[in-house]
Amino acid sequence: MLVGHLGVGLIGKRVEPRISLGTWMLAVLLADLVCFPLLIARVEHFRDSVGDIPYSHSLLMNAIWAALFAAAYYLFRRYPRGAWLLFGAVLSHWVLDVISHKPDMQIAPGVETVLGLGLWNSVPATLVIEGGFWVLAIVIYIRATRPKKMGFYFAFWIGIALLTLTWYGNIRRGMDPDPVRAGVGGLIFFWIIVAWAYWTNRLARSSNS
Ligand SMILES: [Zn+2]
């Protein structure tokens, strides 16, 4: 899932404007940002479009990544509500991936039970459900946001358009079977998304902050 996670980040910014949109995006993408280096190192794998990704994507490990991320935020910002919300945002990655993945989502490393509702099996259902959620999240975000600097709308909508096109390409083509290419490409692309979100955040003002 791509824009589904990013939608959680956009709505998060509406829920708690004190947290930068970049930090929200970092939280919702954290499991994938952990996964890509592990793919490159061949510790985690994708085979026949089903993943073997216990360290980045199991429920237990996601909770641990969430706790570490929330603790780091708390150390820097001393804002408990923000830390708890970001804990939830990191954990939301697991819930959304259970909805979208074929059964490959584990509870904990070494536990055989796998979960996955397989939304991605159907391109039309993905377009309607994940795409619908994405549109809803964009509307929620933009209604609560006012430009602070020239260029906000330009930066925001170009980013949204490129993300939507990339997402559409991904659901049609699937993942790159080469783990190094997929991992390196994913790392670069996801860090660009995070940088774009921090930049966009500086160009805007939340109307309720
Ligand atoms: Zn994921």
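Because the structure is predicted, anything quoted here is derived from the model rather than measured. All values below were derived from every heavy atom in this structure, side-chain atoms included, with hydrogens, water molecules and symmetry-related copies excluded. Order of appearance sets the numbers: ligands from 1, and atoms from 1 within every ligand.
- Looking only at distances, a side-chain donor or acceptor of E130 sits under 3.5 Å from a matching main-chain atom of G4.
- Judged by distance alone, the side chain of E44 and the main-chain N or O of S56 form a donor-acceptor pair under 3.5 Å.
- Counting only heavy atoms from C-beta outward, the side chains of S100 and T126 never approach each other to under 4.5 Å.
- In summary, C35 places no N/O/S atom under 2.8 Å from the Zn ion (ligand 1), failing the contact criterion.
- Look at H93 and the Zn ion (ligand 1): an N/O/S atom of the residue is under 2.8 Å from the metal.
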* To do: Would you sort out whether H57 and W94 count as a ring pair (Phe, Tyr, Trp, His ring centres under 6.0 Å), showing the intermediate values?
  => CA-CA 6 Å; H57 275 72; W94 189 82; over 10 Å; no

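- If you put the vertex on the Zn ion (ligand 1), OD2 of D97 and OD1 of D32 sit 170° apart, to the nearest 10°.
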